Protein chains: 2
Amino acid sequence: MSADPVLRRDVPDATVARLPEYLRTLSRLAEHGVSSVSSEELASAVGVRSAQLRKDLSRLGSYGVRGVGYEVDTLALEISRVLGLTRDWPVAVVGMGNLGHALASYSGFATKGFRIVALFDDDPALVGEEVGGVAIRPFAELPSCASEQRIAIGVIATPAAAAQAVGEALVAAGVMSILNFAPASIAVRGDVDVRRVDLSTELQILAFHAQRRSYAGELTEAVSQ
Amino acid sequence: MSADPVLRRDVPDATVARLPEYLRTLSRLAEHGVSSVSSEELASAVGVRSAQLRKDLSRLGSYGVRGVGYEVDTLALEISRVLGLTRDWPVAVVGMGNLGHALASYSGFATKGFRIVALFDDDPALVGEEVGGVAIRPFAELPSCASEQRIAIGVIATPAAAAQAVGEALVAAGVMSILNFAPASIAVRGDVDVRRVDLSTELQILAFHAQRRSYAGELTEAVSQ
DNA sequence: CCCTGTGAAATAATTCACAGCA
DNA sequence: TGCTGTGAATTATTTCACAGGG
């Protein structure tokens with residue numbers, strides 16, 4: 001019983017990583033009443049080269065019209081389908097400190113497809129509080145909740161020390177996709193998909209480039225003297 | 001007046017993106033009293049192939065000992081130097097809602113090199129509050145503060161609607177590195193380095209892989225019947 | 001014509017496999 | 001001998017450039 005016709009051909013990871021950006025830009029264009037774009041226009045709005053955009057989109061099939069461009073609504077719908085946003089993805093957030101609160105009320109979840117169905121935290125001061133209409137529950141209730149609610153994605157927003165245990169519990173509960181915001185990596189079964197987002201990593205990459213830039217600046221100054 | 005000897009040779013972006021992970025793992029090993037590791041050990045602790053680790057490290061120079069491995073402290077120090085963590089990077093956070101609070105108190109900043117020197121928000125209910133010993137100030141004070149404190153990195157943690165204006169103000173104030181957590185892209189001068197972290201994007205990538213996995217599962221089931 | 005879709009070329013990143021040093 | 005450092009081979013990704021449809 002397959003619901004949506006799922007893409008058969010292979011889509012490179014690099015392309016998949018850009019699809020959300022394309023989709024967001026298309027939504028913005030649609031809001032502004034734009035109904036059709038060329039690869040040149042869309043690419044420059046996103047910040048990639050037009051050839052790259054065309055190649056990326058061609059992986060999904062032929063949704064453009066030669067001599068004209070792409071119909072905004074059609075393309076947006078198609079990207080949504082490829083990304084799986086026409087399905088429902090129940091999400092649980094574990095760790096309801098400032099970060100958990102921010103994530104649970106982040107407008108990113110307003111995006112079609114993702115629905116927060118459970119919030120967990122073991123702090124008695126937080127249990128019972130409602131965020132966006134969902135009550136915070138003790139973490140021990142994860143297993144029953146996961147099977148009832150068919151949780152597909154788990155978001156870890158705990159301190160570093162708790163991350164590994166939370167990850168294991170999520171996997172044990174059948175969650176196959178994990179988004180880890182904790183400042184620590186977790187090790188899990190190879191067939192579970194884990195993505196980690198880390199402030200420290202991002203800052204360090206920025207620092208590397210900034211350092212390189214200032215060094216280039218010093219060189220230029222030295223030469224011009 | 002160059003302080004640290006800066007790396008001359010080119011380091012690929014893909015390598016730079018992995019260095020923070022290597023550094024974190026090395027720190028963890030050091031805490032556990034490990035003083036030497038082979039590329040095999042370190043690679044498996046990080047989750048990459050040993051050949052990749054060796055090639056990455058060889059871009060920074062020769063810091064290993066043939067037949068033995070790498071000295072944990074030496075290697076960690078060298079990676080820190082390459083990433084620019086031996087310098088001081090004053091950071092400002094703009095937008096002190098839940099996300100801003102979480103970021104300002106995130107242990108990621110505890111990392112050597114980054115120091116929060118200013119917090120901004122225009123909400124009168126937040127101005128004056130102290131987070132981690134730094135007072136929240138009105139955003140209008142950014143320009144004077146940026147030059148006094150030599151702010152190098154700006155973190156945007158505002159709602160989507162404010163992101164573009166905040167980005168422009170940061171650039172106008174001389175900030176050359178921006179980390180954007182707002183659910184919207186910003187357009188700035190090409191020589192400014194912007195990295196965006198977006199919950200929605202991460203979820204969509206997870207959804208794509210989850211969908212693909214469940215489709216593969218259906219295929220397998222169908223075949224086995 | 002104009003703009004998509006795509007082979008072919010160029011570039012980048014990863015993996016292999018082993019020479020060579022401690 | 002054991003493990004690093006690195007050329008060479010492989011694989012992935014981007015860019016070019018143009019054929020071909022509307």
Side-chain angles (χ1 to χ4, degrees), chain A residues 7-22 25-26 29 34-79 82 205 208-209 212, chain B residues 7-22 25-26 29 34-79 82 205 208-209 212:
Chain A
L7 202 65
R8 243 149 258 273
R9 83 195 75 192
D10 244 31
V11 182
D13 283 350
T15 293
V16 174
R18 283 186 293 266
L19 292 180
E21 187 68 31
Y22 297 162
T25 303
L26 285 168
L29 290 175
V34 179
S35 64
S36 175
V37 273
S38 68
S39 65
E40 201 68 61
E41 293 165 333
L42 182 52
S44 84
V46 168
V48 300
R49 305 218 178 246
S50 64
Q52 171 140 264
L53 176 70
R54 287 200 302 280
K55 175 128 325 203
D56 281 342
L57 296 183
S58 76
R59 311 268 186 187
L60 322 182
S62 264
Y63 297 97
V65 182
R66 286 161 199 254
V68 180
Y70 300 88
E71 216 223 313
V72 172
D73 292 342
T74 309
L75 186 53
L77 182 63
E78 189 50 35
I79 294 178
V82 170
I205 295 172
F208 173 85
H209 289 121
R212 158 159 303 232
Chain B
L7 200 65
R8 243 149 256 273
R9 83 195 76 192
D10 245 32
V11 183
D13 284 350
T15 292
V16 174
R18 283 185 293 265
L19 292 181
E21 188 67 30
Y22 298 162
T25 303
L26 285 167
L29 291 175
V34 179
S35 64
S36 174
V37 273
S38 67
S39 64
E40 201 68 60
E41 293 165 334
L42 182 53
S44 84
V46 168
V48 300
R49 306 220 177 243
S50 65
Q52 171 140 263
L53 177 70
R54 289 200 301 278
K55 178 137 301 205
D56 281 343
L57 296 183
S58 75
R59 311 268 187 190
L60 322 182
S62 264
Y63 297 96
V65 182
R66 285 162 199 254
V68 179
Y70 300 88
E71 216 222 314
V72 172
D73 293 342
T74 310
L75 186 55
L77 182 63
E78 188 50 35
I79 294 177
V82 170
I205 295 172
F208 173 86
H209 289 121
R212 158 160 304 231

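So that the names make sense, note that chain A is the first sequence line, chain B the second, and so on, each numbered from 1. These numbers come from a predicted model, not from an experiment.
Without hydrogens or angle criteria, B/Thr25 side chain to B/Glu21 main chain gives a donor-acceptor distance under 3.5 Å.
Remark: P of D/dT15 and CZ of A/Arg59 are 13 Å apart, rounded to the nearest angstrom.
We find the OH-CG distance between B/Tyr63 and B/Leu75 to be 9.5 Å, quoted to the nearest 0.5 Å. Between B/Asp13 atom CG and A/Ile205 atom CD1 the span is 8.5 Å, to the nearest 0.5 Å. A/Leu57 contributes atom CG, which lies 7.5 Å from atom CG of A/Leu19 (distance to the nearest 0.5 angstrom).
For the pair B/Val68 and B/Arg18, nearest-nucleotide mapping onto DNA chain C gives the more 5' position to B/Arg18. In terms of position along DNA chain D, the nucleotide closest to A/Asp56 lies nearer the 5' end than the nucleotide closest to the other residue of the pair A/Asp56 and A/Arg66.
Nucleotides of DNA chain C lying under 4.0 Å from heavy atoms of chain B occupy a range whose first and last members, 5' to 3', are C/dA13 to C/dA22.
We find that A/Asp56 and A/Arg49 are not joined by a salt bridge, their nearest charged nitrogen and carboxylate oxygen being 4.0 Å or further apart.
Distance from the side chain of B/Arg54 is smallest for D/dG5 among the nucleotides D/dT15, D/dG5, D/dT13.
Looking only at side-chain heavy atoms (C-beta outward), A/Ser36 and A/Tyr70 stay at 4.5 Å or farther from each other.
Scanning residues 36-46 of chain A for heavy-atom distances under 4.0 Å to DNA chain C yields A/Ser38, A/Ser39.
One finds no side-chain N or O of B/Tyr63 lying less than 4.0 angstrom from the OP1 or OP2 phosphate oxygen of D/dC3.
By the side-chain hydrogen bond (donor to acceptor under 3.5 Å, both in side chains) test, B/Gln52 pairs with B/Arg18, sequence neighbours left out.
A/Arg49 comes within contact range of the sugar-phosphate backbone alone, with a heavy-atom separation under 4.0 Å but no base atom that close.
Shown here is B/Glu40, whose CD atom has no more than 12 heavy atoms of other residues, nucleotides or ligands within 6.0 Å.
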